[in-house]
Amino acid sequence: MELPVELTPEEKRKRRQRNVALALALAAFVALVYAVTVVKLGVNVMNRPL
Amino acid sequence: MTQAAASIDTEGARASLAGPSDYVALLKPRVMSLVVFTALAAMILAPGALHPMLAATALLCIAVGAGAAGALNQWYDADIDAIMTRTRTRPVPSGKIGAQEALEFGATLAAFSVFAMAFLVGYVPAALLAATIAFYVFVYTMWLKRLTVQNIVIGGAAGALPPVIGWAAVTGDVSAPLPWLLFLLIFLWTPPHFWALALAGSEDYARAKVPMLPVVKGARATRNQIVLYTIPLAAVAVAPYALNLAGVVYGATAAVGSAAFVALAAVLWFAPAERERKAALRVFAYSIFYLFALFTALAAERLIGLAPEYPVAEQAPSAIVATGESRFCAGVCF
């Protein structure tokens, strides 16, 4: 039988810090890909057949 | 059963006390700073002008790739790090981060950095970044470090490649002589830099059974080698000026800086045994300043327009961006 895991307040605090850091890293990566795409496409993003 | 034991026993629910700063420490940020700085200097030197966003992306990829290599090194070397005083507080030996977690973290970041470099900046710098990480992890960490006294000499190639990667990020190729001179500069700088540190902490390496030069050949042989390496290093350092690839500001910095390096190595060579550690640490500290000074002089000279003009390569990625053509668009334009 699996025992329920009771995290200590310190463990919960560290887990929250890790989660926030990972979320920020992922958001930064998305922003990076978006920004590089805009830079690479430049004005050509408007230059396409409709 | 205690609460902590219960949390460890429960499948897949190991509680961790590692915070974000421990993961940053896993990336060896001090080594990373030198890597990023030398790559940045090479990007400034390279002919052509990469868009600042792409330049920042390339630097980020290099930084993350170097950090990933550091994390994988700490995964593999956890047993050695736990023995050595200098490294026993690192996240893995101190128990803050599990070895398996360090492996997964490092491998994920390595893959991310290489693929991001390939798709966002270029395939040539991505291939070089992948080769650098692979060389550091497989050749240096797994193979040479515990095998031969020449470990950091050959392994130094990994630390010497970032300027070539930075250059490739701007120009798309690595056929020019200057990035390879910078490679050679760092390659020859690495042995005296590391051996000075190893001389100051040889007991540490001896306990961990790492065959560093002072452990295997002794302090005298190490002092000899440090002096011997500073001489070709000085020659390579002034070569960019001699070959008209750098200006007089760099030339003077390289000449004076190299002379001081040789002099400090000579002071170490003549030092009595009781002053050896102090003299070795002085060489180590100066070596870091020396490398920063040389790359700062090269980059500053280029930025203020004192460096000789370098021929602009055809088909530089920056030129493609500047003309508005997108490499994203090849064949898959919408």
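As a basis for the values below, the full set of heavy atoms in this structure was taken, side chains included, without hydrogen atoms, waters or symmetry mates. Numbers restart at 1 for each chain; the letters A, B, ... are given by sequence-line order, proteins then strands.
Here A299(B) pairs with A41(B), I44(B) under the side chain to side chain contact (heavy atoms under 4.5 Å, CB included) rule; sequence neighbours left out. The side chain to side chain contact (heavy atoms under 4.5 Å, CB included) search around A300(B) returns none, not counting sequence neighbours. Taking the side chain to side chain contact (heavy atoms under 4.5 Å, CB included) definition, one finds that E104(B) meets it with Q100(B), sequence neighbours left out.
Residues P179(B) and I165(B) are not in side-chain contact: their nearest non-hydrogen atoms beyond the backbone lie 4.5 Å or more apart.
Note: F37(B) and F292(B) have tilted aromatic rings, judged against thresholds of 30 and 60 degrees for the angle between ring planes.
Within residues 55-86 of chain B, the residues having any heavy atom under 4.5 Å from a heavy atom of chain A are, by residue number, T57(B), L60(B).
The minimum heavy-atom distance between L182(B) and A42(B), with the atom names listed, is CD1-CB, 4.4 Å.
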